[in-house]
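Notes follow once the structure below has been shown.
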Amino acid sequence: MDESPVDGALARALGPVLRDLSATCAVRAAVTVAKDFVSPGADVVMVCAPDGSGRGVSVAEHCGAAEQVADVADQVQEWVVEELCALLRPAVWPECPAHPGTHPLAAGVERGVAVWSCPRSGRVVAPVGGLGPAAVSP
């Protein structure tokens, strides 16, 4: 995402997620404002693949910043998994480094920070926005 089409809480929550996506996955996202869904006080964007398929992503204004990032990460993760399936690639993003090819990391909040963690062990792998290139990631 070079220039954010949105600002405020949604931009702050979406930025780290898109950094992780860019660093670890073949799926590329284009972000556009979802004008059809805009309602007073609600930020909504469409995260789209090159073929135009996509999903609306929004942020809950009543949550704290870390919860907003984790929630947006979860929404984008659902879209990425669908895109990976459509590309006939393993539907695992971001891939758990402790259990490659079996399950994705889960977004959550630990000690006030949005993080990716292993859903089996609960071990925190990285803050959301802090994933690096992974050799085996789809």
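These figures come from a predicted structure and were not determined experimentally. Sequence positions, counted from 1, serve as the residue numbers for this chain.
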Output side-chain donor-acceptor pairs under 3.5 Å for residues 69-81, partner residues at least two apart or in another chain, one line each.
| unit_1 | atom_1 | unit_2 | atom_2 | d |
| --- | --- | --- | --- | --- |
| Asp71 | OD2 | Gln75 | NE2 | 3.0 |
| Gln75 | OE1 | Ser58 | N | 3.0 |
| Gln75 | NE2 | Ser58 | O | 2.8 |
| Gln77 | NE2 | Trp93 | O | 2.8 |
| Gln77 | NE2 | Leu105 | O | 2.8 |
| Glu78 | OE1 | Arg55 | NH1 | 2.7 |
| Trp79 | NE1 | Glu83 | OE2 | 3.4 |

Would you mind reporting whether Val45 and Leu10 have side-chain heavy atoms less than 4.5 Å apart? yes
Listed partners of Ala60 passing side-chain contact (heavy atoms from CB on, under 4.5 Å), at least two apart: His62, Cys63
Identify the heavy atoms of Ala66 and Gly112 that sit nearest to each other, and give their distance. CB-O, 3.4 Å
Cys118 vs His99 side-chain heavy atoms within contact, under 4.5 Å: yes
For Met46 and Gly54, the nearest pair of non-hydrogen atoms, with its separation, is CE-C, 3.8 Å
Please tell me if the side chains of Glu82 and Ser53 come closer than 4.5 Å, counting only heavy atoms from C-beta onward. no
Residues Gly129 and Arg19: closest non-hydrogen pair is O-NE, 3.9 Å
Minimal non-hydrogen separation, Val128 against Pro16, with atom names: O-CB, 3.6 Å
Show me the donor-acceptor pairs within less than 3.5 Å that the side chains of residues 119-127 make with the rest of the protein, sequence neighbours left out.
| unit_1 | atom_1 | unit_2 | atom_2 | d |
| --- | --- | --- | --- | --- |
| Ser121 | OG | Arg123 | N | 3.1 |

So do the side chains of Leu14 and Val31 get within less than 4.5 Å of each other, counting heavy atoms only? yes
So, does Ser22 use its side chain to make a donor-acceptor pair with the main chain of Leu18 at under 3.5 Å? no
